[in-house]
Protein chains: 2
Amino acid sequence: MRDMEATRREMWEAMGFFPDNCPIRMVLDHVAAKWTLLVLLELQAKPMRFNALGRALPDISKRMLTQTLRDLERDGIVTREVFDTKPPSVEYALTDMGRSLMGPLLGLVDWAERHMDPIRDAQRVYDAA
Amino acid sequence: MRDMEATRREMWEAMGFFPDNCPIRMVLDHVAAKWTLLVLLELQAKPMRFNALGRALPDISKRMLTQTLRDLERDGIVTREVFDTKPPSVEYALTDMGRSLMGPLLGLVDWAERHMDPIRDAQRVYDAA
DNA sequence: CGGGAAAGTCTCATATTGAGACCTATACCC
DNA sequence: GGGTATAGGTCTCAATATGAGACTTTCCCG
């Protein structure tokens, strides 16, 4: 944002600003990623297999579903368990930490449901102007 | 996701699935957008002008700051007020609806702070394997 | 007179996402 | 036996979104 010559990075560091070290950003970048929330809402209902998640969220691509699940697994929010069936199936489930995230997340969803009408109204007013 | 011939859109509609009509997605797509949360956290502290926000969040581009603020304004979450100074300055502030969003949002931030250590640990374990 | 600040916009360049083919192995249908 | 489907992905290429940074206009400051 700042208009200067040096690289952004150098400037920030000179200012004592390190986005990579900011825990809030680190966590939020994952939680607020495009598909994370929808996937977690599905898994909250019950553990699910890869394709079941895909069917529940028809507008996610396999590519992003894979990536979202891998990120969540890496963060310790979901587990990935392979079953030795033919063909092998893979089940994803929330960890304890994942379940502890659902409280705050459902708070957001609740707000969204409550405010969708006022938001739609605000958008109409804005777009009319 | 589904592998079939017809367009995605047609399939969803045949299945009674309309992502555009889903209030949760509509709201969440905005709230979970890349910069929304950080901007809102700044505005929660106090109303701020455009460049002040830019300085507070040095790694956002003017382009995205503008767009994020416009989206929030359109949703009725922030107000944009132009002051007739020379040169004119513009102040952004939370609306009542915006303030009502901070509760759920701070719940998330709080979770993030609490769990950043376990998450880092989980990542280390995952990356080591 | 030179320079900076205000809040953007505009044009590229780069990064992220989506669409959809492809893969391996098994099992069911007729 | 041949065609088709399932499972859980990966791979490539195209579309979209974001970032970097130049440019704008009007003023005030030294």
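Note on naming: letters A, B, ... go to the chains in the order of the sequence lines (proteins, then strands), and numbering restarts at 1 for each one.
Partners of A/W111 under the ring pair (Phe, Tyr, Trp, His ring centres under 6.0 Å) rule, at least two apart in sequence or in another chain, are A/H115.
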### Message
Let's go through B/L69 and B/R74 carefully: what are the C-alpha distance in whole Å and the side-chain angles of both, what is the deciding distance for side-chain contact (heavy atoms from CB on, under 4.5 Å) to 0.1 Å, and is it a yes or a no?
### Response
CA-CA 8 Å; B/L69 287 168; B/R74 186 170 107 99; over 6 Å; no
#### Entry: Worked check of side chain to side chain donor-acceptor pair (under 3.5 Å) between A/H30 and A/D71
CA-CA 8 Å; A/H30 289 185; A/D71 286 348; 5.4 Å; no
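Contact annotation for B/F83: no contact, since no heavy-atom pair falls under 4.0 Å across all strands.
If you find the closest nucleotide of DNA chain D to A/K34 and to A/R49, the one lying nearer the 5' end belongs to A/R49. Both A/A33 and B/F50 lie near DNA chain C, and the one whose nearest nucleotide falls closer to the 5' end is B/F50.
In terms of phosphate contacts, B/R63 brings no side-chain nitrogen or oxygen within less than 4.0 Å of OP1 or OP2 of D/dA22. Between B/R55 and C/dA5, a side-chain N or O to OP1/OP2 separation shorter than 4.0 Å is absent. Of the side-chain N and O atoms in B/K86, none sit less than 4.0 angstrom from OP1 or OP2 of D/dT25. Under 4.0 angstrom from either OP1 or OP2 of D/dA17 there lies no side-chain N or O belonging to B/W35.
In the helix from C/dC1-D/dG30 to C/dC30-D/dG1, the terminal helix axes, each the rotation mapping four pairs' C1' atoms onto the next four within five end pairs, subtend 0°, rounded to 10°.
Closest to the A/R70 side chain, of the nucleotides D/dG9, C/dA7, C/dG18, is D/dG9. Across D/dG9, C/dG8, C/dA6, the shortest atom-to-atom separation from the side chain of A/R80 is found for D/dG9. Proximity note for B/N51 (side chain, C-beta onward) versus D/dT18, D/dG8, C/dA7: the nearest is C/dA7. The side chain of A/M64 lies closest to C/dG18 when the candidates are C/dA7, D/dG8, C/dG18.
When the shell of 6.0 Å around CZ of A/R99 is examined, it contains more than 12 heavy atoms from other residues, nucleotides or ligands.
Look at B/R25 and A/D59 and you find a salt bridge, because one of the NZ, NE, NH1 or NH2 atoms lies within 4.0 Å of a carboxylate O, short of that distance.
B/T95 contributes a side-chain N or O that, together with a main-chain N or O of B/I77, makes up a donor-acceptor pair within less than 3.5 Å.
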